Amino acid sequence: MTKRLTEVAKKAGVSEATVSRVLNGRDGVSEATRTAVLTALDVLGYERPTKLRGERARLVGLVLPELQNPIFPALAEVVTGTLAQRGYTPALCARTIGGVSEMDYVEMLLDHQVSGVIFAGGSYALADARHDHYRRLTDRGLPVVLVNAGVDELAFPRVSTDDAVAVEQAYGHLRSLGHERIGMVLGPEGHVPSRRKLDAMIRAAGWDEADAECVERSSFSMEGARVAATKLVERGVTGIICASDVLALGTIRAARRLGRSVPADVSVVGFDDSAFMTCTDPPLTTVRQPIETMGQAAVDLLVTQIEGAGVLHDELLFEPELVVRGSTAPAPGR
């Protein structure tokens with residue numbers, strides 16, 4: 001007990017006596033101090049006293065699929081900083097291969113009486129994945145915001161990059177360089193943002209069933225992209241639009257292993273504009289997601305719900321920006 005008091009007091013920046021008064025429900029403690037003590041208790045993983053368990057902490061979960069893709073740490077930086085400015089303590093939950101699942105993280109966050117959860121890149125974006133844990137949040141009435149497109153039956157507010165505009169920008173850029181044989185490396189079949197990108201490409205390029213060979217699917221890894229892109233390059237594709245920067249880097253690797261030069265023989269466009277894309281060889285042409293604006297909007301939507309105000313369960317679409325660098329050039333022979 002003494003160790004717990006010491007740790008909580010240090011975390012909350014108050015005295016052990018103040019922590020004791022809060023835990024025993026005594027008077028003489030301001031609401032701000034009381035909230036700080038309870039939040040420290042939650043963050044350190046200690047159970048609240050029984051009489052205090054019904055109260056939610058000013059703790060907000062941020063659930064990410066990974067931290068290897070630089071776009072997710074970038075989003076985490078924006079969201080955690082904005083939450084702190086609004087008086088909330090962020091709890092970062094990043095999944096790893098063979099580690100804690102998204103479903104398990106949801107259970108942990110519910111056990112800690114969080115005030116709300118922001119998800120990015122979760123199984124909500126996969127049409128064929130299980131979504132039971134999201135419905136648990138709905139049943140609890142817990143505020144939730146999703147970053148980027150998800151399946152329609154989950155009625156949560158969403159903050160998304162406009163995938164259609166992203167593809168229009170990338171396709172228009174490659175066409176302006178004279179590329180006629182343009183392909184795509186996308187995420188898995190059931191990945192909703194990839195579906196949207198494909199639909200936009202069909203509209204922009206006027207594709208029909210015969211153009212199906214211009215699309216390859218991959219896991220969101222460089223290794224998976226290398227396999228997918230190899231097939232496209234061998235079919236004579238000279239311009240490739242990818243569903244992420246990681247896929248684009250795998251595509252560049254595939255072209256080089258086939259003895260092709262990027263961008264002289266094959267032009268590659270990524271999606272995200274995550275960190276270090278200016279430092280790749282060549283620097284990557286990509287479509288930039290407005291991560292800072294989207295992260296702030298996600299926090300605003302969540303806090304509005306936490307404070308009891310209603311929000312529209314619609315999707316806010318943010319316009320991306322094409323950033324032209326060295327991985328695209330005129331089509332061979334131009």
Side-chain angles (χ1 to χ4, degrees), residues 1-64 67 72-96 99-100 102 104-120 133 136-137 140-145 147 157 291-292 295-311:
M1 176 64 75
T2 301
K3 179 183 176 183
R4 181 175 72 165
L5 287 176
T6 301
E7 289 181 348
V8 174
K10 183 178 179 181
K11 187 74 174 177
V14 299
S15 68
E16 293 181 26
T18 298
V19 174
S20 180
R21 282 198 296 273
V22 171
L23 298 184
N24 289 294
R26 295 175 184 164
D27 297 330
V29 180
S30 70
E31 187 59 33
T33 299
R34 183 171 177 277
T35 298
V37 170
L38 293 177
T39 299
L41 204 70
D42 295 324
V43 170
L44 292 170
Y46 291 122
E47 288 191 7
R48 295 185 178 201
T50 304
K51 59 188 174 184
L52 299 176
R53 288 180 192 170
E55 302 178 22
R56 283 182 180 160
R58 290 182 69 84
L59 189 66
V60 169
L62 172 60
V63 184
L64 304 175
L67 291 177
F72 292 116
L75 176 66
E77 182 178 4
V78 174
V79 170
T80 56
T82 307
L83 283 169
Q85 292 173 358
R86 302 292 291 269
Y88 290 87
T89 300
L92 179 61
C93 306
R95 289 151 47 202
T96 56
V100 180
E102 187 177 72
D104 290 336
Y105 271 132
V106 167
E107 293 300 322
M108 292 166 60
L109 292 171
L110 288 173
D111 288 343
H112 280 79
Q113 298 286 327
V114 293
S115 296
V117 185
I118 295 174
F119 290 92
H133 51 297
R136 284 207 62 199
L137 299 174
R140 293 281 190 98
L142 199 70
V144 172
V145 175
V147 177
I291 286 298
E292 184 167 353
Q296 292 171 347
V299 172
D300 288 343
L301 279 172
L302 192 77
V303 171
T304 298
Q305 294 177 79
I306 292 171
E307 293 176 348
V311 298

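We number each residue from 1, following the sequence as shown. Owing to the predicted nature of the structure, the values given are computational and were not obtained by experimental measurement.
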Could you grab the distance from atom [atom1] of [X] to atom [atom2] of [Y], nearest 0.5 Å is fine?
{"X": "E107", "Y": "H112", "atom1": "CD", "atom2": "NE2", "answer": "13.0 Å"}
{"X": "S115", "Y": "L109", "atom1": "OG", "atom2": "CG", "answer": "11.0 Å"}
{"X": "L75", "Y": "L62", "atom1": "CG", "atom2": "CG", "answer": "6.0 Å"}
{"X": "L67", "Y": "F72", "atom1": "CG", "atom2": "CZ", "answer": "9.0 Å"}
{"X": "R58", "Y": "T39", "atom1": "CZ", "atom2": "OG1", "answer": "7.5 Å"}
{"X": "L41", "Y": "L59", "atom1": "CG", "atom2": "CG", "answer": "11.0 Å"}

*asked:* Does Q85 form a side-chain contact (heavy atoms from CB on, under 4.5 Å) with V299? I'd like the steps, not just the answer.
replied: CA-CA 10 Å; Q85 292 173 358; V299 172; over 6 Å; no
Kindly say whether [Y] contributes a backbone atom to a donor-acceptor pair with the side chain of [X] at under 3.5 angstrom?
{"X": "Y105", "Y": "A94", "value": "yes"}
{"X": "T33", "Y": "V29", "value": "no"}
{"X": "T18", "Y": "V14", "value": "no"}

*asked:* If the condition is salt bridge (charged side-chain N to carboxylate O under 4.0 Å, His left out), which residues does D104 pass it with, not counting sequence neighbours?
replied: none
Taking all non-hydrogen atoms of both residues into account, name the closest pair between [X] and [Y] and its distance.
{"X": "Q305", "Y": "V145", "result": "NE2-CG2, 3.6 Å"}
{"X": "L5", "Y": "E16", "result": "O-CG, 3.9 Å"}
{"X": "V114", "Y": "L142", "result": "O-CD1, 3.3 Å"}
{"X": "L110", "Y": "R140", "result": "CD2-NH1, 3.7 Å"}

*side-chain contact (heavy atoms from CB on, under 4.5 Å) between T89 and L83, worked out*: CA-CA 7 Å; T89 300; L83 283 169; over 6 Å; no
Is there side-chain contact between [X] and [Y], with at least one heavy-atom pair below 4.5 Å?
{"X": "D300", "Y": "R86", "result": "yes"}
{"X": "V78", "Y": "Q296", "result": "yes"}
{"X": "I118", "Y": "V63", "result": "no"}

*In sequence, state the C-alpha distance, the side-chain angles, and the governing distance for V60 and I306, and then conclude on side-chain contact (heavy atoms from CB on, under 4.5 Å).*
CA-CA 10 Å; V60 169; I306 292 171; 4.2 Å; yes
*Can V147 and F119 be said to form a side-chain contact (heavy atoms from CB on, under 4.5 Å), step by step?*
CA-CA 6 Å; V147 177; F119 290 92; over 6 Å; no
_L44: side chain to side chain contact (heavy atoms under 4.5 Å, CB included) partners, not counting sequence neighbours_ = E7, V8, K11, Y46
